[in-house]
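Working notes, beginning with the structure itself.
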Amino acid sequence: MNIPLKRFGEPYYIMERGSIDMKMHFLLTSMQRAQTESFNIKELEHYVHSVIKSYLMLESTAKGSGIKDWQDLGFITTERSSCAFAKGLMRNIGKDLDHNMPNETLERWLHLTPQFLQLWREVYAQLYTRHGGSKRSHIKEVEICILPQLCDAPHSSHYRPIIELPHVLYINAQLPREMRHKWRFLFSSKIHGESFSTMLGKMLDKGPTLFFIEDEDQYIFGGYAPESWALKPQFAGDDTSLLFTLSPAMRCFSSTGYNDHYQYLNLNQQTMPNGLGMGGQFEFWGLWLDCMFGEGQSVESCTTYGDYVQLSKRKQFKIRNLEVWAVGDLPVKDEEGNVEGQKRSVLDGNLEDRAMLEIAGKQMHSDGLREPGMDD
(Lines give C-alpha, C1' and ligand atoms only; values in the text may rest on other atoms or scores of the structure.)
Protein backbone atom coordinates (compact mmCIF):
# COMPACT_ATOMS: atom_id res chain seq x y z
CA MET A 1 0.00 0.00 0.00
CA ASN A 2 1.43 3.36 -1.06
CA ILE A 3 0.86 6.36 1.23
CA PRO A 4 1.04 9.82 -0.38
CA LEU A 5 3.99 11.84 0.92
CA LYS A 6 1.69 14.64 2.13
CA ARG A 7 -0.34 12.25 4.23
CA PHE A 8 2.77 10.54 5.55
CA GLY A 9 4.26 13.85 6.70
CA GLU A 10 1.06 15.29 8.11
CA PRO A 11 1.59 14.20 11.76
CA TYR A 12 5.09 15.69 11.75
CA TYR A 13 3.82 18.95 10.29
CA ILE A 14 1.06 19.15 12.91
CA MET A 15 3.54 18.59 15.74
CA GLU A 16 6.06 21.11 14.44
CA ARG A 17 3.85 23.88 13.03
CA GLY A 18 0.24 23.02 13.67
CA SER A 19 -2.15 25.20 15.68
CA ILE A 20 -3.69 24.06 18.96
CA ASP A 21 -6.89 23.33 17.06
CA MET A 22 -5.02 21.07 14.62
CA LYS A 23 -3.29 19.29 17.48
CA MET A 24 -6.58 18.81 19.30
CA HIS A 25 -8.17 17.16 16.27
CA PHE A 26 -5.08 15.00 15.72
CA LEU A 27 -5.24 13.91 19.38
CA LEU A 28 -8.95 13.11 19.09
CA THR A 29 -8.24 11.08 15.95
CA SER A 30 -5.49 9.18 17.77
CA MET A 31 -8.02 8.31 20.49
CA GLN A 32 -10.60 7.38 17.82
CA ARG A 33 -12.81 10.28 18.88
CA ALA A 34 -12.60 12.38 15.72
CA GLN A 35 -16.34 12.15 14.93
CA THR A 36 -17.58 12.92 18.44
CA GLU A 37 -18.13 16.10 20.45
CA SER A 38 -16.57 14.69 23.62
CA PHE A 39 -13.69 12.57 24.85
CA ASN A 40 -13.13 10.20 27.75
CA ILE A 41 -10.69 11.51 30.34
CA LYS A 42 -9.41 8.05 31.21
CA GLU A 43 -8.59 7.43 27.53
CA LEU A 44 -6.66 10.69 27.45
CA GLU A 45 -4.69 9.68 30.53
CA HIS A 46 -3.73 6.39 28.86
CA TYR A 47 -2.61 8.30 25.76
CA VAL A 48 -0.51 10.73 27.85
CA HIS A 49 1.04 7.77 29.65
CA SER A 50 1.94 6.22 26.28
CA VAL A 51 3.58 9.46 25.13
CA ILE A 52 5.69 9.58 28.31
CA LYS A 53 6.85 5.98 27.91
CA SER A 54 7.55 6.51 24.20
CA TYR A 55 9.67 9.59 24.91
CA LEU A 56 11.77 7.78 27.52
CA MET A 57 12.22 4.74 25.26
CA LEU A 58 13.25 6.85 22.26
CA GLU A 59 15.68 8.92 24.35
CA SER A 60 17.21 5.73 25.73
CA THR A 61 18.05 4.53 22.21
CA ALA A 62 18.99 7.89 20.68
CA LYS A 63 22.64 8.55 19.86
CA GLY A 64 24.25 11.11 22.13
CA SER A 65 21.25 11.36 24.45
CA GLY A 66 21.97 12.69 27.93
CA ILE A 67 19.53 10.19 29.43
CA LYS A 68 22.30 7.59 29.53
CA ASP A 69 24.21 9.63 32.13
CA TRP A 70 21.12 9.60 34.36
CA GLN A 71 20.55 5.90 33.83
CA ASP A 72 24.20 5.07 34.58
CA LEU A 73 23.78 6.86 37.92
CA GLY A 74 20.82 4.66 38.81
CA PHE A 75 17.85 6.75 37.67
CA ILE A 76 15.17 4.39 36.43
CA THR A 77 11.60 4.51 35.16
CA THR A 78 8.92 2.40 36.83
CA GLU A 79 5.29 1.97 35.86
CA ARG A 80 4.31 3.69 39.10
CA SER A 81 6.32 6.86 38.45
CA SER A 82 5.31 7.12 34.79
CA CYS A 83 1.63 6.69 35.72
CA ALA A 84 1.98 9.32 38.44
CA PHE A 85 3.59 11.65 35.87
CA ALA A 86 0.61 11.17 33.53
CA LYS A 87 -1.81 11.89 36.36
CA GLY A 88 0.24 14.96 37.27
CA LEU A 89 -0.10 16.32 33.74
CA MET A 90 -3.84 15.59 33.85
CA ARG A 91 -4.39 17.31 37.17
CA ASN A 92 -5.71 20.61 35.79
CA ILE A 93 -8.37 18.97 33.63
CA GLY A 94 -10.59 17.74 36.46
CA LYS A 95 -10.73 15.36 39.41
CA ASP A 96 -13.12 12.76 38.01
CA LEU A 97 -11.25 10.65 35.47
CA ASP A 98 -14.09 8.30 34.55
CA HIS A 99 -16.46 10.40 32.49
CA ASN A 100 -16.65 12.23 29.17
CA MET A 101 -15.79 15.89 28.71
CA PRO A 102 -16.52 18.27 25.83
CA ASN A 103 -13.78 18.82 23.27
CA GLU A 104 -13.46 22.45 24.38
CA THR A 105 -12.04 21.12 27.66
CA LEU A 106 -9.35 19.25 25.74
CA GLU A 107 -8.39 22.40 23.85
CA ARG A 108 -8.11 24.34 27.11
CA TRP A 109 -6.02 21.54 28.66
CA LEU A 110 -3.58 21.65 25.74
CA HIS A 111 -3.14 25.40 26.28
CA LEU A 112 -2.51 24.82 30.01
CA THR A 113 -0.13 21.87 29.62
CA PRO A 114 2.87 22.88 27.49
CA GLN A 115 4.96 20.06 28.96
CA PHE A 116 2.74 17.46 27.29
CA LEU A 117 2.94 19.32 23.97
CA GLN A 118 6.72 19.36 24.23
CA LEU A 119 6.98 15.63 25.00
CA TRP A 120 4.44 14.79 22.29
CA ARG A 121 6.28 16.87 19.71
CA GLU A 122 9.62 15.33 20.64
CA VAL A 123 8.27 11.78 20.20
CA TYR A 124 7.14 12.51 16.64
CA ALA A 125 10.31 14.47 15.85
CA GLN A 126 12.45 11.49 16.86
CA LEU A 127 10.27 9.04 14.94
CA TYR A 128 10.51 11.11 11.77
CA THR A 129 14.13 12.24 11.97
CA ARG A 130 15.91 9.33 13.66
CA HIS A 131 17.86 8.66 10.44
CA GLY A 132 17.54 12.09 8.91
CA GLY A 133 20.89 13.70 9.66
CA SER A 134 21.76 16.54 12.04
CA LYS A 135 19.19 19.19 11.14
CA ARG A 136 16.80 18.30 13.97
CA SER A 137 19.61 18.12 16.55
CA HIS A 138 20.71 21.58 15.52
CA ILE A 139 17.20 22.94 16.04
CA LYS A 140 16.99 21.27 19.44
CA GLU A 141 19.92 23.29 20.73
CA VAL A 142 17.84 26.47 20.86
CA GLU A 143 14.75 24.80 22.31
CA ILE A 144 13.70 24.51 25.93
CA CYS A 145 15.34 21.51 27.57
CA ILE A 146 13.12 18.57 28.43
CA LEU A 147 15.77 16.51 30.20
CA PRO A 148 18.57 18.50 31.87
CA GLN A 149 22.26 17.74 31.54
CA LEU A 150 23.59 15.83 34.53
CA CYS A 151 26.67 17.49 36.04
CA ASP A 152 28.99 16.73 38.96
CA ALA A 153 27.62 13.21 39.37
CA PRO A 154 28.65 11.54 42.63
CA HIS A 155 31.26 8.79 42.42
CA SER A 156 30.10 6.60 45.28
CA SER A 157 28.78 3.07 45.47
CA HIS A 158 26.53 4.24 48.33
CA TYR A 159 24.49 6.54 46.09
CA ARG A 160 20.92 5.51 45.32
CA PRO A 161 18.69 8.18 43.77
CA ILE A 162 15.61 9.23 45.71
CA ILE A 163 13.73 10.07 42.53
CA GLU A 164 13.21 8.50 39.09
CA LEU A 165 13.44 9.84 35.54
CA PRO A 166 9.74 10.82 35.29
CA HIS A 167 10.22 12.91 38.44
CA VAL A 168 13.19 14.67 36.83
CA LEU A 169 11.13 15.46 33.72
CA TYR A 170 8.15 16.71 35.74
CA ILE A 171 10.12 19.01 38.03
CA ASN A 172 12.44 20.34 35.34
CA ALA A 173 9.44 21.66 33.40
CA GLN A 174 8.30 23.64 36.46
CA LEU A 175 11.58 25.58 36.67
CA PRO A 176 12.28 28.93 34.99
CA ARG A 177 13.34 28.28 31.40
CA GLU A 178 16.88 29.53 31.91
CA MET A 179 17.40 26.93 34.67
CA ARG A 180 16.22 23.82 32.81
CA HIS A 181 19.38 22.92 30.90
CA LYS A 182 21.54 21.64 33.75
CA TRP A 183 21.30 19.96 37.17
CA ARG A 184 24.42 19.92 39.36
CA PHE A 185 24.63 17.38 42.17
CA LEU A 186 25.51 18.91 45.56
CA PHE A 187 24.53 16.74 48.51
CA SER A 188 23.16 13.33 49.50
CA SER A 189 22.62 12.23 53.08
CA LYS A 190 23.54 8.68 52.01
CA ILE A 191 26.95 9.83 50.77
CA HIS A 192 27.83 12.84 52.92
CA GLY A 193 26.10 11.74 56.11
CA GLU A 194 23.19 13.14 58.09
CA SER A 195 24.81 16.49 58.79
CA PHE A 196 23.14 19.88 58.49
CA SER A 197 26.49 21.68 58.48
CA THR A 198 27.85 19.48 55.67
CA MET A 199 24.69 20.12 53.65
CA LEU A 200 25.05 23.88 54.10
CA GLY A 201 28.72 23.77 53.14
CA LYS A 202 27.79 22.01 49.89
CA MET A 203 24.91 24.30 48.90
CA LEU A 204 25.67 27.85 50.07
CA ASP A 205 26.45 30.23 47.17
CA LYS A 206 25.69 27.55 44.57
CA GLY A 207 22.76 29.31 42.93
CA PRO A 208 19.16 28.07 42.74
CA THR A 209 18.62 24.68 44.35
CA LEU A 210 16.23 21.74 44.43
CA PHE A 211 15.56 19.70 47.57
CA PHE A 212 14.32 16.12 47.39
CA ILE A 213 13.23 14.52 50.65
CA GLU A 214 12.08 10.98 51.32
CA ASP A 215 10.48 10.56 54.73
CA GLU A 216 9.97 7.43 56.82
CA ASP A 217 6.52 6.96 55.27
CA GLN A 218 8.23 6.83 51.84
CA TYR A 219 6.58 10.06 50.70
CA ILE A 220 8.84 12.04 48.35
CA PHE A 221 8.58 15.83 48.22
CA GLY A 222 10.68 18.97 48.18
CA GLY A 223 11.11 22.52 47.00
CA TYR A 224 12.81 24.84 44.54
CA ALA A 225 14.72 27.80 46.00
CA PRO A 226 15.44 30.41 43.29
CA GLU A 227 18.25 32.27 45.13
CA SER A 228 21.56 31.14 46.57
CA TRP A 229 21.22 30.22 50.22
CA ALA A 230 22.79 32.45 52.86
CA LEU A 231 22.59 32.52 56.66
CA LYS A 232 20.45 35.48 57.76
CA PRO A 233 17.33 36.26 59.79
CA GLN A 234 15.31 37.58 56.84
CA PHE A 235 13.34 35.69 54.22
CA ALA A 236 14.84 35.56 50.73
CA GLY A 237 13.83 34.22 47.32
CA ASP A 238 11.23 35.33 44.79
CA ASP A 239 7.92 34.22 43.32
CA THR A 240 9.47 31.54 41.11
CA SER A 241 9.88 29.49 44.29
CA LEU A 242 8.03 26.17 44.39
CA LEU A 243 7.03 23.35 46.68
CA PHE A 244 6.11 19.97 45.24
CA THR A 245 5.22 16.35 45.94
CA LEU A 246 6.44 13.46 43.80
CA SER A 247 5.21 10.33 45.55
CA PRO A 248 2.60 9.03 46.00
CA ALA A 249 1.32 11.81 43.68
CA MET A 250 2.95 14.52 41.55
CA ARG A 251 1.80 18.03 42.39
CA CYS A 252 3.47 21.41 42.12
CA PHE A 253 2.59 24.49 44.18
CA SER A 254 3.60 27.91 42.90
CA SER A 255 3.59 31.28 44.63
CA THR A 256 0.34 33.03 45.51
CA GLY A 257 2.02 36.40 46.03
CA TYR A 258 0.28 36.60 49.41
CA ASN A 259 3.65 36.86 51.17
CA ASP A 260 7.35 36.53 50.32
CA HIS A 261 8.26 33.78 52.79
CA TYR A 262 10.12 31.74 50.18
CA GLN A 263 13.50 30.97 51.76
CA TYR A 264 14.67 31.11 55.36
CA LEU A 265 17.98 29.86 56.77
CA ASN A 266 19.28 30.65 60.23
CA LEU A 267 21.33 29.08 63.02
CA ASN A 268 22.17 29.56 66.70
CA GLN A 269 19.27 31.90 67.47
CA GLN A 270 17.48 31.97 70.82
CA THR A 271 14.34 33.76 69.66
CA MET A 272 14.13 32.64 66.02
CA PRO A 273 13.88 29.18 64.40
CA ASN A 274 17.13 27.38 63.66
CA GLY A 275 17.04 25.51 60.38
CA LEU A 276 15.82 25.84 56.80
CA GLY A 277 12.28 26.77 55.87
CA MET A 278 10.21 27.42 52.76
CA GLY A 279 6.71 28.89 52.85
CA GLY A 280 4.31 29.62 55.67
CA GLN A 281 5.55 31.30 58.83
CA PHE A 282 7.64 30.56 61.91
CA GLU A 283 6.52 27.29 63.52
CA PHE A 284 3.98 26.71 60.70
CA TRP A 285 6.07 25.87 57.66
CA GLY A 286 5.20 24.62 54.20
CA LEU A 287 8.54 22.83 54.39
CA TRP A 288 10.92 22.89 57.36
CA LEU A 289 14.23 21.10 57.93
CA ASP A 290 15.51 21.35 61.49
CA CYS A 291 19.18 22.23 62.04
CA MET A 292 19.70 19.05 64.09
CA PHE A 293 18.97 17.09 60.89
CA GLY A 294 16.57 14.22 60.65
CA GLU A 295 13.33 16.00 61.50
CA GLY A 296 11.07 18.29 59.54
CA GLN A 297 7.63 19.80 59.29
CA SER A 298 4.95 20.35 56.66
CA VAL A 299 1.69 21.86 57.88
CA GLU A 300 -1.84 21.41 56.53
CA SER A 301 -2.15 24.96 55.14
CA CYS A 302 0.40 27.35 53.61
CA THR A 303 -0.66 30.71 52.17
CA THR A 304 2.69 31.23 50.39
CA TYR A 305 1.84 28.63 47.74
CA GLY A 306 -1.39 28.14 45.78
CA ASP A 307 -3.49 24.93 45.95
CA TYR A 308 -1.05 23.71 48.57
CA VAL A 309 -1.57 20.40 50.34
CA GLN A 310 0.58 18.95 53.11
CA LEU A 311 3.71 17.48 51.53
CA SER A 312 4.38 14.68 54.01
CA LYS A 313 2.00 12.08 55.42
CA ARG A 314 2.51 13.46 58.92
CA LYS A 315 2.87 17.08 59.95
CA GLN A 316 6.10 16.28 61.82
CA PHE A 317 8.14 13.94 59.66
CA LYS A 318 11.44 12.11 59.96
CA ILE A 319 13.91 12.23 57.08
CA ARG A 320 14.96 8.92 55.57
CA ASN A 321 16.98 10.39 52.72
CA LEU A 322 17.70 13.88 51.42
CA GLU A 323 19.33 15.26 48.27
CA VAL A 324 20.20 18.76 47.11
CA TRP A 325 20.79 19.68 43.47
CA ALA A 326 21.73 23.06 42.02
CA VAL A 327 20.14 24.02 38.71
CA GLY A 328 21.45 26.14 35.87
CA ASP A 329 25.05 27.30 35.59
CA LEU A 330 27.32 27.86 38.56
CA PRO A 331 27.01 31.51 39.67
CA VAL A 332 29.83 33.75 38.45
CA LYS A 333 32.19 35.03 41.14
CA ASP A 334 34.14 38.26 41.12
CA GLU A 335 37.90 38.61 41.68
CA GLU A 336 37.44 38.41 45.45
CA GLY A 337 35.52 35.16 45.20
CA ASN A 338 32.10 36.62 45.94
CA VAL A 339 29.01 35.64 43.99
CA GLU A 340 28.31 38.33 41.41
CA GLY A 341 25.44 40.56 42.51
CA GLN A 342 25.55 39.31 46.10
CA LYS A 343 27.39 41.45 48.63
CA ARG A 344 29.47 39.32 50.98
CA SER A 345 31.78 39.97 53.89
CA VAL A 346 35.22 38.45 54.36
CA LEU A 347 33.71 36.97 57.53
CA ASP A 348 31.64 34.63 55.38
CA GLY A 349 34.56 32.45 54.25
CA ASN A 350 34.82 28.73 55.13
CA LEU A 351 31.08 28.25 54.97
CA GLU A 352 31.01 24.65 56.17
CA ASP A 353 33.24 25.41 59.18
CA ARG A 354 31.08 28.41 59.99
CA ALA A 355 27.92 26.31 59.88
CA MET A 356 29.42 23.70 62.21
CA LEU A 357 30.40 26.40 64.70
CA GLU A 358 26.94 27.92 64.57
CA ILE A 359 25.25 24.57 65.20
CA ALA A 360 27.62 23.90 68.08
CA GLY A 361 26.54 27.21 69.61
CA LYS A 362 29.84 28.98 69.10
CA GLN A 363 28.94 32.62 68.48
CA MET A 364 30.77 34.37 65.65
CA HIS A 365 31.72 37.46 67.68
CA SER A 366 33.24 39.17 64.66
CA ASP A 367 29.78 39.38 63.09
CA GLY A 368 29.40 42.69 64.89
CA LEU A 369 32.19 44.09 62.72
CA ARG A 370 30.26 43.71 59.48
CA GLU A 371 29.89 46.67 57.20
CA PRO A 372 26.58 48.56 57.52
CA GLY A 373 23.87 47.10 55.32
CA MET A 374 25.78 43.89 54.63
CA ASP A 375 22.79 41.70 55.47
CA ASP A 376 20.04 43.96 54.18
Side-chain angles (χ1 to χ4, degrees), residues 84 87-89 91-92 95 112 162-163 167 170-176 179 196 199-200 203 208-267 269 271-325 327:
K87 289 181 182 294
L89 293 177
R91 193 165 299 281
N92 57 13
K95 295 182 179 179
L112 294 173
I162 296 176
I163 61 175
H167 300 137
Y170 178 73
I171 291 301
N172 199 54
Q174 316 302 322
L175 302 178
M179 296 297 168
F196 197 81
M199 182 182 75
L200 294 195
M203 74 182 200
T209 46
L210 285 166
F211 288 82
F212 297 103
I213 300 152
E214 180 184 21
D215 67 11
E216 289 192 340
D217 296 304
Q218 296 187 315
Y219 277 46
I220 301 174
F221 50 90
Y224 166 67
E227 291 187 4
S228 285
W229 288 94
L231 289 162
K232 57 183 177 181
Q234 299 90 6
F235 282 96
D238 59 43
D239 61 7
T240 61
S241 172
L242 303 166
L243 291 182
F244 52 80
T245 67
L246 295 176
S247 182
M250 293 194 199
R251 299 184 182 92
C252 192
F253 314 112
S254 55
S255 168
T256 60
Y258 182 81
N259 59 48
D260 60 357
H261 298 175
Y262 303 120
Q263 296 178 224
Y264 172 88
L265 179 61
N266 214 349
L267 292 172
Q269 301 296 312
T271 59
M272 299 183 75
N274 295 302
L276 182 153
M278 296 183 67
Q281 54 186 313
F282 292 171
E283 310 302 332
F284 298 94
W285 299 94
L287 177 61
W288 172 255
L289 304 177
D290 192 82
C291 71
M292 299 310 293
F293 204 93
E295 296 185 355
Q297 180 192 79
S298 179
V299 296
E300 297 90 346
S301 177
C302 176
T303 56
T304 308
Y305 301 100
D307 299 321
Y308 168 91
V309 298
Q310 184 172 299
L311 309 180
S312 51
K313 184 176 182 179
R314 310 177 204 194
K315 178 181 176 181
Q316 306 292 337
F317 62 83
K318 293 187 180 298
I319 298 172
R320 181 182 180 186
N321 198 357
L322 187 152
E323 289 182 13
V324 186
W325 292 74
V327 295

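Along the sequence shown, residues carry numbers from 1.
Between Tyr224 and Ser241, the closest heavy-atom pair is O-OG, 3.3 Å. Met250 and Arg91 make their closest contact through O-NE, 3.2 Å (heavy atoms, listed as atom of the first residue, atom of the second, distance). In this structure, Cys302 and Gly286 approach most closely via the heavy-atom pair SG-CA, 4.0 Å. A pairwise comparison of heavy atoms in Tyr305 and Tyr308 identifies O-CB, 3.4 Å as the closest pair. Shown here for Ser228 and Gln263, the closest heavy-atom pair between the two residues is O-NE2, 4.2 Å. When every heavy atom of Asp290 is checked against every heavy atom of Phe196, the shortest pair comes out as O-CD1, 3.6 Å.
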Stepwise side chain to side chain contact (heavy atoms under 4.5 Å, CB included) check, Thr240 with Leu175: CA-CA 8 Å; Thr240 61; Leu175 302 178; over 6 Å; no

Quick one: do Leu242 and Leu210 satisfy side chain to side chain contact (heavy atoms under 4.5 Å, CB included)? Show the steps, please. CA-CA 9 Å; Leu242 303 166; Leu210 285 166; over 6 Å; no

Please lay out, stage by stage, how Ile220 and Ile213 fare under the test side chain to side chain contact (heavy atoms under 4.5 Å, CB included). CA-CA 6 Å; Ile220 301 174; Ile213 300 152; over 6 Å; no

Assess the residue pair Asn172 and Val327 against the criterion (side chain to side chain contact (heavy atoms under 4.5 Å, CB included)); give the C-alpha distance rounded to whole Å, side-chain angles, the decisive distance to 0.1 Å, and a yes or no. CA-CA 9 Å; Asn172 199 54; Val327 295; 5.8 Å; no

Ser312 vs Asp215, side chain to side chain donor-acceptor pair (under 3.5 Å): CA-CA, chis, key distance, verdict: CA-CA 7 Å; Ser312 51; Asp215 67 11; 4.8 Å; no

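Distance check, rounded to the nearest 0.5 Å: CZ of Arg320 to CD1 of Ile162 gives 10.0 Å. Once rounded to the nearest 0.5 Å, the distance linking OG1 of Thr209 with CE of Met199 reads 9.5 Å. With values rounded to the nearest 0.5 angstrom, Ile171 atom CD1 is found 5.5 Å from Cys252 atom SG. Arg251 CZ to Lys87 NZ: the interatomic distance, rounded to the nearest 0.5 Å, is 11.5 Å. Rounded to the nearest 0.5 Å, atoms OH (Tyr262) and CG (Asp260) are 6.5 Å apart. For the atom pair Gln310 CD and Glu300 CD, the distance stands at 5.0 Å (nearest 0.5 Å).
The aromatic ring centroids of Phe244 and Tyr170 lie 6.0 Å or more from each other. The ring of Phe211 has its center no closer than 6.0 angstrom to the ring center of Trp325.
The backbone N or O of Ser247 sits nowhere less than 3.5 Å from a side-chain atom of Thr245 that would complete a donor-acceptor pair. Looking at Gln316, its side chain never comes within 3.5 Å of a backbone N or O of Gln297 through a donor-acceptor pair. Tyr264 contributes no side-chain N or O that, together with a main-chain N or O of Pro233, makes up a donor-acceptor pair within less than 3.5 Å. Remark: the backbone N or O of Thr304 is paired with a side-chain donor or acceptor of Thr256 at under 3.5 angstrom.
Summarising the local packing, OH of Tyr258 is surrounded by 12 or fewer heavy atoms from other residues, nucleotides or ligands at distances under 6.0 Å. Heavy atoms of other residues, nucleotides or ligands lying less than 6.0 angstrom from CG of Asp307 number 12 at most. Residue Phe284 places its CZ atom among 12 or fewer non-hydrogen atoms of other residues, nucleotides or ligands, all under 6.0 Å distant.
Under 3.5 Å, the side chains of Trp288 and Ser298 contain no donor-acceptor pair of N or O atoms.
A perpendicular orientation is assigned to the rings of Phe221 and Phe317, their planes being inclined by more than 60° (bins at 30° and 60°).
Between Glu216 and Lys318, none of the side-chain N atoms (NZ, or NE/NH1/NH2) sits under 4.0 Å from a carboxylate O, so this pair counts as no salt bridge.
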List, one per line, each side-chain donor-acceptor pair under 3.5 Å for residues 271-281, sequence neighbours excluded.
unit_1	atom_1	unit_2	atom_2	d
Asn274	OD1	Asn268	N	2.8
Asn274	OD1	Gln269	N	2.7
Asn274	ND2	Gln269	O	2.9

